Amino acid sequence: MDRMDFRIGKLNGRKIVTFSGNDGKRIRIRLNATTPEKAAIEGYQIYLEYREKIERGRSWTIGEIWNAYKLHLGNRPSGRNMVGEGQSIIPVFGDLRPSDITEELVQTYIASRVHRYSGGKVSDGTLWTELGRLRDAIKYAERKHWITANDIRYIPRPQKPEPRDRWLNDDEIVDLLIATSNTPHLHLAIHILLATAGRVGAVLELTWDRVNFEEGTIDLRVAVPGRKKKRAKVPMTDSLRGILLSAKAHATCNHVIEWHDRPIKTIKTAFYRAVADAGLKDVSPHVLRHTAAVRMAAAGCSMERIAAYLGHSDPAITRKVYAKFAPDHLKEEASAVDIGHLMKIAARRGAKMKRTRRNT
């Protein structure tokens, strides 16, 4: 149910609610409410109960469920991603009901799924995400009581691949900066991404009112209903201050990252072109956030402070990913299993045994 298609009226002195039934015929129901406010609430409840009864009673296809779940997610990243994912999922599963899905069909999808443009085999990570989204959509339909647990079939998917442990060293950062020197908006975005350790979305949404030159801070936070990933307010580095002051002097809109007087929704095309020009491989925009965190860990910053910089609500997440980059990581443990002193003892004893054998 995407919109409320009912009307509150009056008949013979009483409040009524009117809406179209599933067969297109008009349904009119008298209300007990006497005020417009209460009538609106009572009418909405009656209409909602009717629509939910209809939705539960009909047979839902995967395509309908997919679209409903996408609408539910709205403008969240997962909802936007469903547009592209649906171009592969819907042609195979769209006309089926959840109960029609078989493991054999899913395995065929896994074996035959290729990239829409290159024609090459997609990664296990892509399949893991697409089939996981299909699972989530079906579970959403169950929560809405459009289907029952008996309608849900097991959907296998490849094992989730380990995340790529990729970050940029100093030379690679220099190469990327040189490759973007003639693309001002991308050059600025890369500086901000590295200096703030912010996510790409946070940087592209950054507006000048949250860049405080007097205080020396950049506030990546913005209130968005339903957003789960946290953002941080971080200090402005000295080098970034100069770059931002120059950008501010030439700004033509309220967003820090702009192109032709307008905010930018994505930097992917320009970024990957620059990555290729710099001769780099396996570098996505998110690698810059990872690079910033690795540099902080290697400099000996505490995991708690790195977590605050990254906007992590739980330092345990930060420690799990970045503790290994700290200069003192597991040094005590390594010392405990260092058998260098035993090797020296073994060498002395071995030499003594050889001398003993020669003398006998």
Side-chain angles (χ1 to χ4, degrees), residues 167-224 227 229-268 270-271 274-275 277-278 280 283-312 318 322 325-326:
W167 69 94
L168 301 181
N169 59 36
D170 288 358
D171 288 338
E172 289 176 319
I173 293 174
V174 170
D175 290 340
L176 187 58
L177 291 174
I178 293 172
T180 60
S181 58
N182 293 323
T183 313
H185 75 281
L186 182 59
H187 197 68
L188 175 59
I190 287 174
H191 273 279
I192 298 174
L193 286 164
L194 287 170
T196 66
R199 296 182 180 88
V200 178
V203 171
L204 295 184
E205 292 175 4
L206 180 64
T207 49
W208 285 112
D209 60 310
R210 289 183 283 125
V211 177
N212 192 324
F213 290 103
E214 182 178 344
E215 187 181 80
T217 59
I218 297 175
D219 193 352
L220 298 174
R221 300 170 301 177
V222 59
V224 176
R227 175 172 286 163
K229 293 185 177 181
K230 304 298 182 182
R231 297 180 178 181
K233 180 180 180 181
V234 298
M236 187 187 303
T237 66
D238 292 339
S239 60
L240 183 57
R241 171 186 285 273
I243 295 169
L244 285 172
L245 283 170
S246 177
K248 175 66 173 174
H250 298 89
T252 57
C253 78
N254 194 39
H255 280 73
V256 176
I257 308 299
E258 60 170 285
W259 174 253
H260 287 178
D261 307 334
R262 294 181 180 180
I264 297 174
K265 293 183 178 180
T266 178
I267 59 171
K268 285 185 177 180
F271 183 85
V275 166
D277 291 344
L280 305 178
V283 178
S284 67
H286 189 75
V287 166
L288 302 185
R289 173 176 164 87
H290 188 51
T291 297
V294 168
R295 292 174 69 86
M296 285 186 276
C301 302
S302 73
M303 291 298 115
E304 288 72 18
R305 295 180 71 84
I306 296 174
Y309 210 97
L310 295 174
H312 288 171
T318 313
Y322 296 108
F325 297 104

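In what follows, every heavy atom counts, from backbone to side chain, and hydrogens, waters and symmetry copies are set aside. These numbers come from a predicted model, not from an experiment. Note that the numbering runs from 1 along the sequence shown for the chain.
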Can you tell if the side chain of [X] reaches within under 4.5 Å of the side chain of [Y], non-hydrogen atoms only?
| X | Y | value |
| --- | --- | --- |
| I173 | W167 | no |
| R289 | R199 | yes |
| L244 | M236 | yes |
| L204 | K265 | no |

Stepwise side-chain contact (heavy atoms from CB on, under 4.5 Å) check, L206 with I257: CA-CA 7 Å; L206 180 64; I257 308 299; over 6 Å; no

Steps toward side-chain contact (heavy atoms from CB on, under 4.5 Å) verdict (C253, D261): CA-CA 6 Å; C253 78; D261 307 334; 5.6 Å; no

Please tabulate, one pair per line, all N/O donor-acceptor pairs under 3.5 Å involving side-chain atoms of residues 175-182, not counting sequence neighbours.
{"unit_1": "T180", "atom_1": "OG1", "unit_2": "L176", "atom_2": "O", "d": "3.1"}
{"unit_1": "T180", "atom_1": "OG1", "unit_2": "L177", "atom_2": "O", "d": "3.2"}
{"unit_1": "T180", "atom_1": "OG1", "unit_2": "H187", "atom_2": "ND1", "d": "2.9"}
{"unit_1": "S181", "atom_1": "OG", "unit_2": "I178", "atom_2": "O", "d": "2.8"}

Ignoring hydrogens and geometry, is there a side-chain-to-backbone donor-acceptor pair from [X] to [Y] under 3.5 Å?
| X | Y | answer |
| --- | --- | --- |
| E258 | T252 | yes |
| S302 | R305 | yes |
| H250 | S246 | yes |

Provide the closest heavy-atom pair for [X] versus [Y] in the form atom of the first, atom of the second, distance.
| X | Y | value |
| --- | --- | --- |
| P285 | F271 | N-CE2, 3.4 Å |
| P263 | H255 | CG-ND1, 3.4 Å |
| L188 | A247 | CD2-CB, 3.8 Å |
| L310 | A197 | CD2-CB, 3.6 Å |
| T266 | I264 | O-CG2, 2.9 Å |
| L220 | G198 | CD1-CA, 3.8 Å |

Calculate, to the nearest 0.5 Å, the distance between atoms [atom1] and [atom2] belonging to [X] and [Y] respectively.
| X | Y | atom1 | atom2 | value |
| --- | --- | --- | --- | --- |
| I267 | I190 | CD1 | CD1 | 6.5 Å |
| R231 | I218 | CZ | CD1 | 13.5 Å |
| H191 | L240 | NE2 | CG | 8.0 Å |
| M303 | Y322 | CE | OH | 10.0 Å |

Sequence neighbours left out, cut at 3.5 Å: what donor-acceptor pairs do the side chains of residues 210-217 make with other protein atoms?
{"unit_1": "R210", "atom_1": "NE", "unit_2": "T207", "atom_2": "OG1", "d": "3.4"}
{"unit_1": "R210", "atom_1": "NH1", "unit_2": "D219", "atom_2": "O", "d": "2.8"}
{"unit_1": "R210", "atom_1": "NH1", "unit_2": "R221", "atom_2": "O", "d": "3.3"}
{"unit_1": "R210", "atom_1": "NH2", "unit_2": "E205", "atom_2": "O", "d": "2.7"}
{"unit_1": "N212", "atom_1": "OD1", "unit_2": "E214", "atom_2": "N", "d": "3.1"}
{"unit_1": "N212", "atom_1": "OD1", "unit_2": "E215", "atom_2": "N", "d": "2.7"}
{"unit_1": "E215", "atom_1": "OE1", "unit_2": "T217", "atom_2": "OG1", "d": "2.5"}
{"unit_1": "E215", "atom_1": "OE1", "unit_2": "K233", "atom_2": "NZ", "d": "3.0"}

